[in-house]
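Taking it in order: structure first as structure tokens, then the write-up.
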Amino acid sequence: MIEISVNGVKRSVAAEADKPLLWVLREDLKLTGTKYGCGVGACGACTVLVGAEAVRSCQLTVADAAGAEITTIEGMRESGRLDSYKAAWIAEQAPQCGYCQPGMIMAAAGLLAATPKPTSEDIRAQITNVCRCGTYLRVERAILRVADTSGA
Amino acid sequence: MAILSRRNFLIAGGVIAGTAVTGLGVGVAYLNSIDTTGLRPKLRPDGTALLNAFVRIGTDGTITFTIPRTEMGQGVLTGLATLIAEELEVDLDDPRLTVIHAPEALPVYANFTLALEMKRPEDRSGIGDWVKSKLFGAFPYIATGGSTSVVDGWVRMREAGAAARVLLVEAAARDWRVPAGECTAKAGAVHHAASGRSAEYGALAARAATLTLGAVPALKDPSAFTRIGHDQPRVDIPAKIDGSAVFGADIELPDQLYASVELAPVLGQHVRAVDDAAARAMPGVVAVARGEDFVGVVAHSWWRARKACEALKIDWRGTAPPFSTASFAEELRARIRAVPAKLHIKRGSLSNAKGKLVEAVYEAPFETHAAMEPRGATALLHADGRAEIWGSSQTPLALAWGFEQAAKDLGLRLEGDVITHVSLNGGAFGGRSEIREFKQAAMLAAAAKGRPVKLIWTRAQDIQHGICRTAAAAHLKVFLGPDGFPVTFQAHVAAQALQATWAKRNLPAMAGDPNEDKLGTEGLVDMPYAIPTLWVGFTHVETPMPIGFWRANGYAFNVFFLESFIEECAAAAGRDPLDYRLALLTDPRHRAVLERLRAAAGLDRPLADGRARGIAFSASFKSICAQAAEVSRAADGTIRIERVTAVLDCGLVINPDIVRAQIEGAIMWGLSAGLFGGLTVEGGQVVETSHADYRVVQFDTAPGAIEVVLMEGEDRPGGVGEPGTPPAAAAVANAISALTGERKRALPLIA
């Protein structure tokens, strides 16, 4: 059994040590908001927060995730941290098919934690998540909205 | 429920092609009984009021809109709901309202526009159209694609809203014993101003469902629209933001198992032998199943299934010589020099073929979809033989046929029709009307003894075995008259047939002659330019690639070819490319779009140093789109797309912001294929494995800005999902040509 902390709650999972955190989240914990897009770290659909940092959960084994504070899109919703993102994403009507969006939001949360007032250049350089529907410009505007509405 | 079995439909295929109705064994009375209007109300025993096939109201007052098209990001749930809501007088953000994918397959849900080859249903006339509609309804041919959902639902959805409203008003009028004409419907309730009475729809629905609808009610005049034409927040967006939206890959059912598969390393190979001993011995493995094109493992988790797959020893065999995209490109280049296998249009005479010659060869590579949700499905073979399947599909029938084919291969008898569930789709773009992965899921489910099995392909499998757009080459040859305008235009396109290859794989009776494949020459055959002599030919070249539908299909490569080449002609004539096009456009709507682009993109204004602009124009899917791309070049030579201005005339606009989002997305889609390399196949193996090497537009390569200007050139809606893609690559190619002096005739434009 491996103990990990997900969305503020300690969870014990009977998973192999080398099982990617992505699949532990989706299958052992039934948190399907974090998506499988490629499994090789190329698309970002699986992005979660480990501490304050955006991490591709397909590239992190559950063993390596033990001891860290993991936040998924569900956790963002439960804690209310998602509220400003939700308002921004709705204002921009950003999602189309929506499959990449939880990963985009988590990547944005990671960026904003490190850079509370990013420029467009910052966003374009640092968010490398893939979206096949082409929502980039709306996601960019939504991130800037979140940054604008967040205090100082 | 499929009323007409697939076997009978295949027999009836001749009727679809336009031959006589008689001799079918399917009588007119039977056809007449197929309800393709869907407006008859019904009160269910549990009290639910089915006001018609699209609107139902529960005893708790909840209102449900049943939408027979797949939400795959294009906003169709919202768009079609808006049409119903306008007439029903319910707001989309009404907390009582839910919008869902249709849970069953009814004849009225068919895509009549596709059935009638892009004729609007309200323009149906004559016995041929009637028979086709009834047969496609009987099937029922429910499909999302071809930019047809709003075109097809424009009248039908509004009629459904109006019909439901009329019944509810009548129910209130009878309750209150007042004339129906004195009652009004507003915000989900009926009001009688004179007596001050009102009642919510929920209170009226049961009575309304027992009434008989008279004539189909008159629809609102567009001047009275309060929802159509105004931005409506999309109904599916909130759940897509907070992670609660359930996609096909997210399905979790009680007692569910998970599956992964191994697919052929080389195209065209099939399974000859399997040693699964090591796989079966691995922890959590429940079963191993195989078909002709796969071997799969069912296990307690997808991760375990994947690991076990890697332990399978599979002997793959094939008979076809290994395929390579490089040699195919050479073959296409050779074929376009020969006489076309079929002429798709022969207008005018080539005796005028003299003057200044402009000719060129244009090329485009294979492309796949690489949608964010990898392919798969969840299938369940109940102990009593009922079959059920959930999946991301543009065509619910493909889900059903997948199960039926699996049952046939396994010698299983299914109980009743396959129950299909259309899930939210993580990107389709034409690629999700395929039986293959659904059949695999069903075969894996058959090995799982009554437990649901969720199959997910790996990303590498999705890239390497996904559906592709064909590679294409075109030889374009024009003679310019003394005024510099084309007097003759000849084109020969060589590619793999799109429609015929898809049909051969999924619906063989509809396959037809691949050399007649209209999708291969669309964009050229129907070019908007008034050129007296136009000959366009097509030659189908067979490959083992799984060719199918891909956003804008033939327009996606032919418009790149045409819109680049027309500028070569303009340059040869010494004329401005915008004015050159205008001189050749006769349709006032076309001219209006191009003139609007001139203004919106400031085309008459000079650009800053180091910048250049290119334009492109196309008419497709009942809409017209012109784009201007402005590019710059960085010190290291990288081309950057600073902005794209797009003007779209899609006729009547239902939801402006959804339309804008679709054009933005269509541009990004077209640019991904336009800028970056497509699929590479060597020795029959696809080289690319993920978005890392199958490059697509991302934040760092997206245009700096996209501006979409909407025009409404007619009072009915045109298509929106695809028209933004064809001009995208050409506009950038023309901009790069202006910037560098170099004319690029082969995609990709950058890498």
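All values below were derived from every heavy atom in this structure, side-chain atoms included, with hydrogens, water molecules and symmetry-related copies excluded. Sequence lines set the chain letters: A, B, ... in the order given, protein chains first and strands last, and positions in each chain run from 1.
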A:Arg77 vs B:Ser244, test: side chain to side chain contact (heavy atoms under 4.5 Å, CB included). Steps then yes/no.
CA-CA 10 Å; A:Arg77 179 180 78 228; B:Ser244 63; 4.0 Å; yes
Which region of [X], side chain (C-beta onward) or backbone (N, CA, C, O), has a non-hydrogen atom less than 4.5 Å from a non-hydrogen atom of chain B, or is it both or neither?
X	result
A:Val130	both
A:Glu27	side chain
A:Gln126	neither
A:Lys35	side chain
A:Met104	side chain
A:Asn129	backbone

Greatest number of heavy atom pairs closer than 4.5 Å to chain A - which of B:Ile237, B:Asp231, B:Ile456
B:Ile237
For chain A, which candidate among B:Glu373, B:His691, B:His369 shows the most heavy-atom pairs at distances under 4.5 Å?
B:Glu373
Please answer whether the main-chain N or O of [Y] pairs with a side-chain N or O of [X] as donor and acceptor at a distance below 3.5 Å.
X	Y	answer
A:Arg124	B:Gln698	no
B:Arg234	A:Gln96	yes
A:Tyr36	B:Pro374	no
B:Lys240	A:Cys97	yes

Contacting region of [X] [heavy-atom separation from chain A under 4.5 Å]:
X	value
B:Ala370	both
B:Gln461	neither
B:Arg660	both
B:Ala428	neither

Closest non-hydrogen atom pair, [X] against [Y]:
X	Y	value
B:Glu252	A:Lys30	OE1-NZ, 3.0 Å
B:Thr368	A:Arg132	O-NH2, 3.8 Å
A:Ile90	B:Ile241	CG1-CD1, 3.5 Å
A:Ala42	B:Ser690	CB-OG, 3.7 Å
A:Tyr99	B:Gly426	CB-CA, 4.0 Å
B:Phe699	A:Ile127	CD1-O, 3.3 Å

Would you call A:Arg138 and B:Asp657 a salt bridge, taking side-chain N to carboxylate O under 4.0 Å as the test?
yes
Looking at B:Arg304 and A:Glu16, is there a salt bridge between them, counting it only when a charged N and a carboxylate O are closer than 4.0 Å?
yes
With rounding to the nearest 0.5 Å, note down the distance linking [atom1] in [X] to [atom2] in [Y].
X	Y	atom1	atom2	answer
A:Cys133	B:Met668	SG	CE	11.0 Å
A:Met76	B:Asp242	CE	CG	11.5 Å
A:Leu137	B:Ile667	CG	CD1	9.5 Å
B:Trp303	A:Asp28	CH2	CG	12.5 Å

Count the heavy atoms belonging to other residues, nucleotides or ligands that lie under 6.0 Å from NZ of A:Lys10, then report whether that count exceeds 12.
no
In this structure, are over 12 heavy atoms from other groups packed under 6.0 Å from A:Glu3 atom CD?
yes
Is the ring pair A:Trp23/B:Trp302 parallel, tilted or perpendicular, if the boundaries are 30 and 60 degrees?
parallel
